[in-house]
Amino acid sequence: MVDPIGPKGSTPNDLRVVPVTPVAAAPKVAPVVGAEPPLSPATQLATQLAAQPPVDTDRVARIKQAIANGTFPILPATIADRMLALRYDWMADDKA
């Protein structure tokens with residue numbers, strides 16, 4: 001059976017108007033001067049990270065010096081493993 005389109009449960013004799021109940025206005029609250037809302041953990045972390053430089057310049061200088069001296073350890077197997085792991089990580093996000 002197909003239900004008719006239109007309002008259900010009302011008949012011409014049931015069309016009465018119900019009075020609206022008045023609602024009291026919300027009391028006004030004075031703002032607290034100098035108080036800031038608490039920050040979320042994500043916002044706190046973002047603030048901490050923004051205060052620091054994005055690159056550790058001392059570490060970069062040490063690595064450059066080690067490369068120039070020839071003392072920086074270059075391990076081809078480690079480099080290859082990390083490149084493969086990165087490729088597999090990219091493949092996991094690939095929608096194709």
Side-chain angles (χ1 to χ4, degrees):
M1 183 171 150
V2 178
D3 290 332
I5 298 174
K8 297 181 182 178
S10 64
T11 61
N13 297 333
D14 194 24
L15 299 176
R16 57 182 173 257
V17 177
V18 178
V20 177
T21 305
V23 178
K28 298 213 177 207
V29 178
V32 178
V33 178
E36 296 182 12
L39 299 176
S40 68
T43 305
Q44 290 175 357
L45 179 61
T47 304
Q48 288 174 351
L49 293 176
Q52 302 171 0
V55 177
D56 185 1
T57 55
D58 293 334
R59 183 172 183 228
V60 171
R62 288 193 313 267
I63 291 172
K64 283 184 178 181
Q65 186 65 35
I67 291 172
N69 293 342
T71 59
F72 188 78
I74 297 176
L75 305 171
T78 303
I79 295 170
D81 287 343
R82 290 187 182 175
M83 288 176 69
L84 288 171
L86 182 60
R87 174 65 179 140
Y88 283 124
D89 187 39
W90 282 344
M91 287 172 54
D93 293 336
D94 193 7
K95 302 295 184 210

query: Crowded around Leu84 CG? As in, over 12 foreign heavy atoms under 6.0 Å?
result: yes
Other cluster members, Val29 - Ile/Leu/Val/Met/Phe/Trp/Tyr, side-chain contacts below 4.5 Å: none
Only distances under 3.5 Å count here; give the side-chain donor-acceptor pairs of residues 47-65 to other protein atoms, sequence neighbours excluded, each with its distance to 0.1 Å.
from	atom 1	to	atom 2	distance (Å)
Thr47	OG1	Thr43	O	2.8
Asp56	OD1	Asp58	N	3.4
Gln65	NE2	Asn69	OD1	3.2

Partner residues of Ala46 under the side-chain contact (heavy atoms from CB on, under 4.5 Å) criterion, sequence neighbours left out: none
- prompt: Is there a path of hydrophobic side-chain contacts, each under 4.5 Å between heavy atoms of I, L, V, M, F, W or Y residues, that connects Leu75 with Met83?
  reply: no
